[in-house]
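Along the sequence shown, residues carry numbers from 1.
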Amino acid sequence: MNAVLFDFSGTLFRIESTESWLRAGLAATGGRLDEAELVAVARRLEEAGALPGGAEPLRVPDGLAESWETRDQNAQAHRAAYTGLSRLVPLPDPGLHDALYDRHMSPAAWTPYPDAADVLRKLRERGTAIGVVSNIGWDLRPVFRAHGLDAYVDTYVLSYEHGIKKPDPRIFTLACERLGVEPREVLMVGDSRPADGGAAVLGCRVHFVDHLPVDRRPDALLPVLELSG
């Protein structure tokens with residue numbers, strides 16, 4: 001393999017818990033909830049699927065169906081979809097819905113998996129090209145910079161910047177072209193078989209990891225070093 005493509009959320013990084021997310025949003029807006037209510041509201045937000053990168057919604061209301069379907073293809077739809085899901089849950093301050101959305105884009109809301117830096121560094125030392133291919137509605141580059149991982153990434157191909165999303169083969173083709181490699185020379189690493197598995201159509205090799213909390217997935221990326229060697 002001459003190049004490795006990585007997914008972002010659930011592969012290299014994990015979003016904070018819904019409870020932590022809500023606490024941060026409350027702190028940013030000066031809102032207050034007693035502990036029992038905070039835990040209950042966090043649970044309702046999680047069931048609604050309001051945290052991007054978190055649990056999928058149990059149900060998407062008809063009024064949000066269009067923005068949900070196109071959320072990874074433009075920034076406006078992404079914000080509309082997730083703040084719409086958040087608004088299904090009453091919060092003490094109406095402005096908290098947008099504050100929560102803004103919070104999820106901050107580097108502090110994301111934690112790299114324990115083996116991410118080591119794997120990226122070793123790939124770089126080998127001369128392996130590295131790309132990040134993500135279905136996302138905002139610019140994740142600041143997250144990589146803040147956590148010291150940007151230096152290892154040669155290119156970012158983000159769905160909202162191109163209006164196409166995984167598993168569309170065009171997004172993987174674009175990543176290969178940017179890295180100057182043929183698909184057969186590429187390993188795609190991700191946590192979603194339906195989305196990341198689309199790379200196999202082009203002839204890329206695909207390796208899947210589980211989308212687990214950081215403390216429950218210490219070394220799932222290490223096999224990438226052997227698979228790409």
Side-chain angles (χ1 to χ4, degrees), residues 1-16 53 72 105 107-136 138-162 164-229:
M1 300 291 111
N2 290 328
V4 180
L5 303 177
F6 289 94
D7 173 52
F8 167 57
S9 175
T11 300
L12 289 175
F13 284 83
R14 170 80 181 204
I15 191 68
E16 65 188 330
D72 293 323
M105 295 187 290
W110 296 88
T111 302
Y113 280 96
D115 52 350
D118 189 45
V119 168
L120 291 174
R121 178 179 56 80
K122 288 178 178 176
L123 289 173
R124 167 65 73 217
E125 289 171 351
R126 290 180 182 174
T128 304
I130 298 170
V132 172
V133 183
S134 178
N135 284 352
I136 199 165
W138 51 277
D139 186 5
L140 52 72
R141 294 173 184 86
V143 176
F144 279 77
R145 286 196 292 269
H147 290 279
L149 301 185
D150 180 65
Y152 302 123
V153 180
D154 296 295
T155 192
Y156 297 89
V157 181
L158 311 182
S159 60
Y160 85 103
E161 293 182 335
H162 304 283
I164 50 176
K165 62 182 182 178
K166 300 179 288 187
D168 191 323
R170 292 177 296 167
I171 198 167
F172 302 108
T173 298
L174 178 57
C176 292
E177 290 173 349
R178 286 189 171 185
L179 295 176
V181 294
E182 295 295 324
R184 59 183 172 78
E185 303 172 310
V186 174
L187 174 67
M188 174 68 208
V189 183
D191 68 301
S192 170
R193 282 167 171 76
D196 301 308
V201 173
L202 298 178
C204 299
R205 190 171 182 179
V206 183
H207 176 67
F208 296 107
V209 293
D210 293 324
H211 190 155
L212 294 171
V214 168
D215 61 355
R216 291 174 53 199
R217 215 197 75 189
D219 55 8
L221 291 171
L222 292 182
V224 171
L225 297 173
E226 182 177 348
L227 292 169
S228 61

Between atom [atom1] of [X] and atom [atom2] of [Y], what is the distance when rounded to the nearest 0.5 Å?
X      : Y      : atom1 : atom2 : answer
Ile164 : Arg170 : CD1   : CZ    : 5.0 Å
Thr111 : Leu12  : OG1   : CG    : 13.0 Å
Asp72  : Ser134 : CG    : OG    : 7.5 Å
Leu227 : Leu221 : CG    : CG    : 11.0 Å
Glu185 : Asn2   : CD    : CG    : 4.5 Å

Does any non-hydrogen side-chain atom of [Y] lie less than 4.5 Å from one of [X]?
X      : Y      : result
Asp139 : Met105 : no
Phe6   : Leu123 : yes
Val189 : Asp7   : no
Ile171 : His162 : no
Tyr156 : Phe144 : yes
Asp115 : Pro218 : no
Asp219 : Pro114 : no
Val133 : Lys165 : no

Arg193 to Phe208, cation-pi by 6.0 Å centre distance and 45° axis angle: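 Satisfied, under 6.0 Å and within 45°.
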
Lys/Arg cation over aromatic Tyr113: Arg217, 6.0 Å, 45° cone: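 Here Arg217 passes the 6.0 Å and 45° test against Tyr113.
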
If you look at every heavy atom in [X] and [Y], which pair is closest and at what distance?
X      : Y      : answer
Arg14  : Leu212 : NH1-C, 3.3 Å
Ala3   : Thr128 : CA-CG2, 3.8 Å
Leu187 : Met1   : N-SD, 3.7 Å
Val186 : Cys176 : CG2-SG, 3.8 Å
Ala195 : Lys166 : O-CB, 3.5 Å
Ala220 : Val209 : O-CG1, 3.7 Å

SB check Glu226 Lys122 (cutoff 4.0 Å):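 Looking at Glu226 and Lys122, the cut-off is not met.
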
Stepwise side chain to side chain contact (heavy atoms under 4.5 Å, CB included) check, Ser9 with Ile136: CA-CA 9 Å; Ser9 175; Ile136 199 165; over 6 Å; no

Leu5 vs Val132, side chain to side chain contact (heavy atoms under 4.5 Å, CB included): CA-CA, chis, key distance, verdict: CA-CA 5 Å; Leu5 303 177; Val132 172; over 6 Å; no

Working for side chain to side chain contact (heavy atoms under 4.5 Å, CB included), residues Leu202 and Thr173: CA-CA 8 Å; Leu202 298 178; Thr173 298; 3.4 Å; yes

Asp196, Val4, Thr11 screened by side-chain contact (heavy atoms from CB on, under 4.5 Å) with Met188, the one that passes: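 Of the listed options, the one satisfying the test is Asp196.
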
Donor-acceptor side-chain pairing of Ser228 and Arg126 below 3.5 angstrom: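 The answer is yes; a qualifying pair exists.
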
Under 3.5 Å donor-acceptor, [X] side chain and [Y] backbone:
X      : Y      : answer
Thr155 : Gly131 : no
His147 : Pro107 : yes
Asp154 : Ile130 : yes

Enclosure of Arg205 CZ (heavy-atom neighbours >12, cutoff 6.0 Å):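 No, not enclosed.
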
Aromatic ring pairing Phe8/Trp138, orientation class (parallel under 30°, perpendicular over 60°, tilted between):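 Plane angle over 60°, so perpendicular.
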
From CA spacing to verdict: side chain to side chain contact (heavy atoms under 4.5 Å, CB included), Trp110, Glu16: CA-CA 6 Å; Trp110 296 88; Glu16 65 188 330; over 6 Å; no

